[in-house]
Amino acid sequence: MVKKYWLLKSEPDVFSLDDLKNCKNKTTYWDGVRNYQARNYLRDEMKKGDGIFFYYSSSDPMGIFGICEVTKEGYPDHTQFDRKNPHYFPSASPENPVWFMVDIKLIKIFHKPVTLQLIKDNPKLKNMKLIQKGNRLSVMPVLKGEWDEIILMSK
DNA sequence: GCCAACGTTGGC
DNA sequence: GCCAACGTTGGC
């Protein structure tokens with residue numbers, strides 16, 4: 001099986017890599033995704049061992065700040081069943097879940113983050129989904145060439 | 001804080 | 001099934 005690569009967005013004020021570092025086993029579930037395309041990636045395509053870039057949006061600077069790994073493949077996001085949760089989704093039920101999540105584990109926090117500006121300035125990365133106009137997906141695939149280039153830029 | 005881009009909702 | 005209205009995202 002070929003390893004795949006992904007990018008997850010988070011706002012550091014909401015959930016940061018330091019927060020993940022402080023989780024048990026440096027692992028957490030990635031809940032709250034409420035977009036169908038992102039859901040399909042989480043449910044169907046992300047496999048154990050896949051690599052994840054951890055991206056900060058609405059931060060200064062914005063960019064990729066570390067690496068995680070998928071440790072558990074898609075399963076129902078329990079917050080959709082919880083009336084008190086802001087992500088509550090009334091039409092979902094445990095028998096018919098709509099939203100899914102994966103578990104991720106912290107692998108590495110970059111000493112040198114790869115900022116959005118650096119990504120935009122690198123012609124090798126001009127086709128990255130991340131910088132396509134209007135893209136708002138919070139879960140998106142990354143090509144191996146893009147992954148390798150960003151790893152190089154983080155060193 | 002603004003606003004462009006996009007996804008979702010709901011009336012018809 | 002269309003589309004106007006609305007809410008959200010996220011870069012600036």
Side-chain angles (χ1 to χ4, degrees), chain A residues 4-23 28-46 50-70 73-104 106-143 145-154:
Chain A
K4 283 184 287 192
Y5 302 93
W6 305 93
L7 182 144
L8 293 185
K9 288 181 189 170
S10 181
E11 294 185 29
D13 291 344
V14 178
F15 190 82
S16 71
L17 284 162
D18 282 329
D19 293 331
L20 179 54
K21 190 178 175 182
N22 292 327
C23 290
T28 192
Y29 49 82
W30 199 251
D31 67 320
V33 174
R34 296 291 182 270
N35 168 284
Y36 287 100
Q37 194 177 347
R39 184 278 309 269
N40 292 346
Y41 290 138
L42 291 169
R43 184 189 60 187
D44 305 330
E45 298 200 41
M46 291 178 82
D50 282 359
I52 296 168
F53 281 143
F54 201 101
Y55 178 87
Y56 284 171
S57 61
S58 300
S59 72
D60 186 20
M62 291 164 281
I64 295 168
F65 278 69
I67 299 174
C68 302
E69 187 177 289
V70 178
E73 297 176 11
Y75 62 106
D77 175 346
H78 57 82
T79 63
Q80 71 194 300
F81 311 129
D82 179 0
R83 283 175 185 282
K84 298 193 189 81
N85 192 289
H87 298 297
Y88 177 56
F89 197 76
S91 60
S93 66
E95 295 74 31
N96 290 294
V98 177
W99 306 110
F100 288 74
M101 61 191 187
V102 299
D103 285 358
I104 68 169
L106 177 64
I107 300 297
K108 182 177 188 176
I109 297 177
F110 288 156
H111 294 295
K112 208 176 99 187
V114 179
T115 63
L116 179 61
Q117 192 58 55
L118 286 172
I119 290 169
K120 286 183 167 176
D121 288 345
N122 186 336
K124 289 182 190 165
L125 299 176
K126 68 177 191 304
N127 293 322
M128 268 193 92
K129 265 199 166 50
L130 177 68
I131 53 174
Q132 302 311 308
K133 188 177 176 183
N135 176 35
R136 301 189 316 178
L137 270 183
S138 63
V139 179
M140 69 183 83
V142 172
L143 300 179
E146 297 163 350
W147 177 274
D148 291 343
E149 180 66 17
I150 285 165
I151 297 293
L152 283 177
M153 292 166 76
S154 74

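It should be emphasised that the depicted structure is a prediction, and the values quoted were computed from it without experimental measurement. Chain A is the first sequence line, chain B the second, and so forth, proteins listed ahead of strands; every chain is numbered from 1.
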Asks: Going by the rule ring pair (Phe, Tyr, Trp, His ring centres under 6.0 Å), which residues pair with A:Phe53 if we only count those two or more places apart in sequence or in a different chain?
Replies: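 For A:Phe53 the ring pair (Phe, Tyr, Trp, His ring centres under 6.0 Å) partners, ignoring immediate neighbours, are A:Trp147.
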Asks: Partners of A:Asp82 by side-chain contact (heavy atoms from CB on, under 4.5 Å), sequence neighbours excluded?
Replies: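 Applying side-chain contact (heavy atoms from CB on, under 4.5 Å) to A:Asp82 gives A:Lys84, A:Asn85.
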Asks: Sequence neighbours left out, what passes side-chain contact (heavy atoms from CB on, under 4.5 Å) with A:Arg34? Give chain and number order.
Replies: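 With sequence neighbours excluded, A:Arg34 shows a side-chain contact (heavy atoms from CB on, under 4.5 Å) to A:Asp77, A:Thr79, A:Gln80, A:His87, A:Trp99, given in chain and number order.
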Asks: Return the residues of residues 83-98 of chain A meeting this criterion: a heavy atom under 4.0 Å from some atom of DNA chain B. Order them by number, or give none.
Replies: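 Heavy-atom contacts with DNA chain B come from no residue of residues 83-98 of chain A; none.
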Asks: Sequence neighbours excluded, which residues qualify as ring pair (Phe, Tyr, Trp, His ring centres under 6.0 Å) partners of A:Tyr41?
Replies: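 Partners of A:Tyr41 under the ring pair (Phe, Tyr, Trp, His ring centres under 6.0 Å) test: A:Trp6.
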Asks: According to side chain to side chain donor-acceptor pair (under 3.5 Å), who are the partners of A:Asp60, at least two apart in sequence or on a separate chain?
Replies: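 In terms of side chain to side chain donor-acceptor pair (under 3.5 Å), with neighbours along the sequence ignored, A:Asp60 is linked to no residue.
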Asks: Does anything in residues 122-142 of chain A pair up under salt bridge (charged side-chain N to carboxylate O under 4.0 Å, His left out), and if so which pairs, sequence neighbours excluded?
Replies: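 Listed by first then second residue: A:Lys124-A:Glu149.
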Asks: Of all residues at least two apart in sequence or in a different chain, which pass the side-chain contact (heavy atoms from CB on, under 4.5 Å) check with A:Tyr88?
Replies: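 With sequence neighbours excluded, A:Tyr88 shows a side-chain contact (heavy atoms from CB on, under 4.5 Å) to A:Arg83, A:Pro90, given in chain and number order.
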Asks: If the sugar-phosphate is the primed atoms plus P, OP1 and OP2 and the base is the rest, what is the B/S/- string for nucleotides 5-12 of chain C, using protein heavy atoms under 4.0 Å?
Replies: --BBBSSS
Asks: Centroid-to-centroid, A:Phe54 to A:Phe65, below 6.0 Å?
Replies: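 No, they do not, as the ring centres are separated by 6.0 Å or more.
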Asks: Under the salt bridge (Lys or Arg N to Asp or Glu O under 4.0 Å) test, which residues partner A:Glu73, sequence neighbours left out?
Replies: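 Residues passing salt bridge (Lys or Arg N to Asp or Glu O under 4.0 Å) with A:Glu73: A:Lys47.
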Asks: For nucleotides 1-3 of chain C, which of its nitrogen or oxygen atoms have a protein nitrogen or oxygen under 3.5 Å away, and what is each distance?
Replies:
none

Asks: Show me the donor-acceptor pairs within less than 3.5 Å that the side chains of residues 7-16 of chain A make with the rest of the protein, sequence neighbours left out.
Replies:
| from | atom 1 | to | atom 2 | distance (Å) |
| --- | --- | --- | --- | --- |
| A:Lys9 | NZ | A:Leu137 | O | 3.1 |
| A:Ser10 | OG | A:Phe15 | O | 2.7 |
| A:Ser16 | OG | A:Asp18 | N | 3.3 |
| A:Ser16 | OG | A:Asp19 | N | 3.1 |
| A:Ser16 | OG | A:Asp19 | OD2 | 3.3 |

